[in-house]
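Report on the structure given below.
Numbered from 1 within each chain, the chains take letters A, B, ... in sequence-line order.
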Amino acid sequence: MTMSTADLLFPDVTRTPADLLAEYAPRDLPEDAIVSRFAPSPTGFIHIGGIYTALISWMLTNQTDGVYILRIEDTDQKRQIEEGVRQIVESLMHFGLVPDEGPYTIGPVEVRGDYGPYLQSERVDIYKVFARDLVEKGLAYPSFQTSEELEAMREAQKAQKVKPGYYGPWAKDRELTEEQIAERLAAGEPFVIRVRAPYPNKRKAAIKDVVRGKMELPGNDKDMVILKSDFLPTYHFAHAVDDTLMRVNLIVRGDEWLSTLPLHVQLFEMLDLPVPTYAHISPIGKQDEGSKRKLSKRKDPEAAASYYLEKGYPARAILEYCLNLINSQFENWRVENPEAPFAEFPLDLSRMSPSLALFDLDKLDSISKDVIATYNAQEVYQAALDWAREYDPDLAAIIEADRDYSITVFGVERGGEAPRKDLANWSDVREAYGFFWDELYAQSIAEQGYIFPDVAPEDIASVMDFIIGHVQDLPDRDTWLQDMRDFSEEAGFAPNRKTYKKDPDAYKGQFGDVMMIYRVALANQRYTPDLYEMVQALGIERTVARLERVKQWAEG
RNA sequence: GCCCCAUUCGUCUAGUGGACCAGGACGUAGCCCUCUCAAGGCUAAAACAGGGGUUCGAAUCCCCUAUGGGGCACCA
């Protein structure tokens, strides 16, 4: 008796596609619920574009009471990276984009789901069922070419100036008889399974794409590999099988898949499965020597999502920036809904631009400043500390040493109507607030000396004298300022710049100089928050100590 | 080389045949406020890639060119 090619190829397959379709039944969800998935390779590296894609899926599925799945595309055994899955999940958790279903256990959090396995390498038996089905229907066949033969074929095609690929007349094994196949199988020749694409293919592939609208692409006529020689599927086949069985109804992915879309549509049709809706999104790019290009994992450190975390951008700022790229209406929505969680923003893929967007760090900074401006002092303290523990341990130790004081510091000019917007990320903390902590203040003086304006030392000393006496019993803000003005004038400083400019020789300087002396004495910086608030935050003791030291310096 | 996709200020974009001498945001510049910054307010410079059509009328529709992006793997 002779065995069919399908039996020869897949002797251990007992189930049919119908069995699997029944096993992974349609989900019991609201009519318009979106089921989507994030499907990275397990390299551990998350591209900022990955976060961008995951964010879209997360938003849409959350807003429709759908399901957001993490599926790991580990079908390329050459690229395995240990711990990759864990790193991916941790990154997603850091951004708050936690999948509803997936292959992971992190600490107490165990996430599985009824539509797994979620690791493609564990789904081999499932792919075989569908591959066998195609072989039985004559829509797929084993192909025995070696990579050398394929390379030679491509060379020949290049020489003849015809399009490269395994198709029609070039597809040598397309017309192998069952007997021939049986022989070569018996001889133990390695093989792959290829789809039998119509050739020539005049039919156009009709596609529903939420970002680009309706499209018609030339139908596929290449006999693409669906199962590799190790029986692991290629992306194309896994996409059709997995997204069907997981009942995914919206495929969000990069537009690099556009060119293989006709193949995907063809696969669904061959398997007699409904074609899902797609959202092909454009990549994030950067300006590179006058031209735009996609952010490259190899060349651009800023392609890694972790890059922004290291800099200390709050996850929310990064996500809000991404939202801004996805739908520019987001920024108007944000103005109208300053308090609302960004997850409530009605994301609309049809309003997304189909072309490449450049990542704009200035814009990120601006958004991040707005985000941080909504934090209260404790939140700033906590977030800055969390960041510093990982990326700037010295700073962490310093701000942690006196928690109450640090919170007071972060409360300067914060929480009112117009909060300071001087932090775009946590690595800005040192520069903007460092001087508040004695250690960093002393360090600054040690490194660059005092940076007073050009005023005689004895005048600085006399300013110190006055402030030291005056600061002991700090009056209200207006009085304080008026006292400073009065002192300044009595001490021989012009009341304002204009007056000073008119007759520079008549004055020691101007009021602003006095205040600058005050400021530098306390911070050794030219740029600081409001002086009055600074004094309050520093406290009398610390303030006087700094002033005394300056006085000594000025006198000596 | 072939195929697909895209193209509005520096950047992200609004714009779906007349409401556009093209609007907003970031960035830039100036002014105001002011003890320095930050913020805030006001103002300014700044774009429909080019060429042909279609139409009474085009940023918007069609064609060509240019430029950019992506693909042409037993990688995703």
Side-chain angles (χ1 to χ4, degrees), chain A residues 39-41 43 73-79 120 143 145-147 150-151 154 157-158 161-166 190-194 209 212 215 217-218 222 224-236 238-239 253-262 280 282-283 285-287 291-294 321 324-332 334-335 351 353-367 369 373 413 416-423 432 453 480-481 484-485 488 496 510-520 523 525-532:
Chain A
S41 297
T43 57
E73 311 247 334
D74 58 345
T75 57
D76 184 3
Q77 300 292 352
K78 289 194 281 287
R79 316 210 288 186
Q120 289 184 330
S143 166
Q145 266 71 46
T146 62
S147 49
L150 292 174
E151 189 48 46
R154 273 189 286 271
Q157 288 168 328
K158 204 173 167 186
K161 290 188 197 296
V162 297
K163 67 174 178 174
Y166 200 87
F191 62 92
V192 297
I193 304 293
R194 289 181 183 274
D209 186 286
R212 287 153 206 267
M215 290 189 296
L217 267 20
K222 289 187 183 170
M224 301 296 286
V225 172
I226 56 173
L227 241 40
K228 300 184 248 187
S229 53
D230 54 9
F231 271 58
L232 251 23
T234 55
Y235 171 89
H236 318 294
H239 156 52
R253 47 143 78 148
D255 67 5
E256 67 269 21
W257 294 111
L258 235 29
S259 53
T260 40
L261 232 191
H280 286 97
S282 55
K286 73 180 282 191
Q287 195 77 237
S291 75
K292 299 175 180 183
R293 51 157 247 254
K294 185 177 164 179
Y321 174 66
N324 205 62
L325 287 185
I326 294 164
N327 274 182
S328 67
Q329 308 84 295
F330 174 76
E331 64 187 340
N332 295 329
R334 187 34 102 203
V335 171
R351 299 187 66 105
S353 166
S355 57
L356 174 127
L358 264 28
F359 200 92
D360 183 351
L361 276 173
D362 283 330
K363 185 85 178 186
L364 205 217
D365 277 352
S366 166
I367 287 174
K369 282 177 179 174
E413 286 192 78
E417 278 292 288
R420 286 192 77 74
K421 294 188 180 173
D422 50 3
L423 294 176
W480 168 82
L481 193 60
M484 288 308 299
R485 286 187 196 281
S488 156
N496 55 53
Q510 46 126 350
F511 178 60
D513 295 327
V514 173
M515 296 304 274
M516 188 53 82
I517 291 166
Y518 202 155
R519 166 167 290 106
V520 171
Q525 278 190 194
R526 297 284 184 127
Y527 312 132
T528 74
D530 180 80
L531 246 186
Y532 186 76

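For Y532(A), the ring pair (Phe, Tyr, Trp, His ring centres under 6.0 Å) partners are W480(A), not counting sequence neighbours.
Checking side-chain atoms of Y321(A) against main-chain N and O of D360(A) turns up a donor-acceptor pair under 3.5 Å. Side-chain atoms of T234(A) come within 3.5 Å of backbone N or O of V225(A) as a donor-acceptor pair. Remark: the backbone N or O of G165(A) is paired with a side-chain donor or acceptor of Q157(A) at under 3.5 angstrom.
In this entry the distance linking CZ of R212(A) with P of C5(B) reads 9 Å, nearest Å. Between Y321(A) atom OH and U13(B) atom C1' there is a gap of 11 Å when expressed in whole angstrom units. One atom, CZ of R293(A), and another, P of U7(B), lie 22 Å apart when rounded to the nearest Å. Atom CG in D209(A) sits about 13 Å away from atom C1' in C4(B), given to the nearest Å. Rounded to an integer number of Å, the gap from CG of D360(A) to P of C9(B) is 14 Å. When the P atom of U13(B) is taken as reference, atom CD1 of I367(A) falls 12 Å away, rounded to whole Å. A straight line from CZ of F359(A) to P of G27(B) spans 15 Å, rounded to a whole angstrom. To the nearest angstrom, C1' of G23(B) lies 14 Å from CD of Q329(A).
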- Contact pattern, 5' to 3', of nucleotides 28-37 of chain B - B, S or - by protein heavy atom under 4.0 Å: -------BBB
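Within the 4.5 Å cutoff, side-chain heavy atoms of L261(A) are placed close to those of R253(A). Looking only at side-chain heavy atoms (C-beta outward), I226(A) and P233(A) stay at 4.5 Å or farther from each other. R212(A) places a side-chain heavy atom less than 4.5 Å from the side chain of L258(A). No side-chain heavy atom of R334(A) sits under 4.5 Å from any side-chain heavy atom of I367(A).
Nucleotides U54(B) and A76(B) are separated by 44 Å at their C1' atoms, to the nearest Å. Atom name P, nucleotides U43(B) and C37(B): the rounded distance is 23 Å, in whole Å. A distance of about 28 Å separates the P atoms of A38(B) and G23(B), rounded to the whole Å. Nucleotides C62(B) and A45(B) are separated by 34 Å at their P atoms, to the nearest Å. C48(B) and U8(B) have their P atoms separated by 11 Å, given to the nearest Å. With C1' as the reference atom, C32(B) and U55(B) are 50 Å apart, rounded to whole Å. When the P atom is used for both U13(B) and A29(B), the distance is 24 Å, rounded to whole Å. Of the C1' atoms belonging to U16(B) and G70(B), the separation is 26 Å, rounded to the nearest Å.
Remark: U67(B) base-pairs with A6(B); criterion is Watson-Crick or G-U wobble with both hydrogen-bond distances under 3.5 Å. The pairing partner recorded for A19(B) is none, the criterion being a Watson-Crick or G-U wobble arrangement whose two distances lie under 3.5 angstrom. Across the strands present, G1(B) finds its partner in C72(B); the criterion is a Watson-Crick or G-U wobble pair with both atom distances under 3.5 angstrom. Using the Watson-Crick or G-U wobble rule with both distances under 3.5 Å, C42(B) pairs with G30(B). As the counterpart of U54(B), no nucleotide is assigned, since no Watson-Crick or G-U wobble pattern has both distances under 3.5 Å. Taking a pair to require two hydrogen-bonding distances under 3.5 Å in either a Watson-Crick or a G-U wobble arrangement, A59(B) remains unpaired.
Ring orientation note: the planes of Y235(A) and W257(A) are close to parallel, at an angle under 30° on the 30°/60° scale.
R351(A) comes within contact range of the sugar-phosphate backbone alone, with a heavy-atom separation under 4.0 Å but no base atom that close. Among the atoms of the strands shown, base atoms are found under 4.0 Å from some heavy atom of V192(A). Within the nucleic acid shown, R194(A) comes within 4.0 Å of sugar-phosphate atoms alone, with no base atom in reach, counting heavy atoms only. At a threshold of 4.0 angstrom between heavy atoms, the contacts of S353(A) are confined to the sugar-phosphate backbone, with no base atom among them. Nucleic acid contact for K222(A): sugar-phosphate only, since backbone atoms but no base atoms lie under 4.0 Å from a heavy atom of the residue. Nucleic acid contact class of Q157(A) (heavy atoms, under 4.0 Å, all strands): none.
Out of C3(B), G69(B), A38(B), the shortest distance to the side chain of K294(A) is found at G69(B). Relative to the side chain of L217(A), the nucleotides A73(B), A76(B), C5(B) differ in distance, and C5(B) lies closest. In the set A76(B), C12(B), C26(B), C26(B) carries the atom at the smallest distance from any side-chain atom of S366(A). Distance from the side chain of S229(A) is smallest for C74(B) among the nucleotides C74(B), C5(B), G27(B). Nearest to the side-chain atoms of L325(A) among the listed nucleotides C74(B), G71(B), C12(B) stands C12(B).
Under 4.0 Å is where a charged nitrogen must lie from a carboxylate oxygen, and between E151(A) and R154(A) at least one such pair does.
Phosphate contact (OP1/OP2 of G40(B), side-chain N/O of K421(A), threshold under 4.0 Å): present. Contact annotation: K158(A) does not reach the phosphate of C72(B) (side-chain N/O to OP1 or OP2, under 4.0 Å). In this model, the phosphate group of A76(B) is approached by a side-chain N or O of T75(A) to a distance below 4.0 Å at OP1 or OP2.
Between the base of G69(B) and the side chain of E256(A) there is no donor-acceptor pair shorter than 3.5 Å.
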- Task: Step by step, work out the side chain to side chain contact (heavy atoms under 4.5 Å, CB included) result for M224(A) and R194(A).
- Result: CA-CA 5 Å; M224(A) 301 296 286; R194(A) 289 181 183 274; 5.7 Å; no
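Each of D362(A) and Q120(A) lies near RNA chain B, and the nucleotide nearest D362(A) is the one positioned closer to the 5' end.
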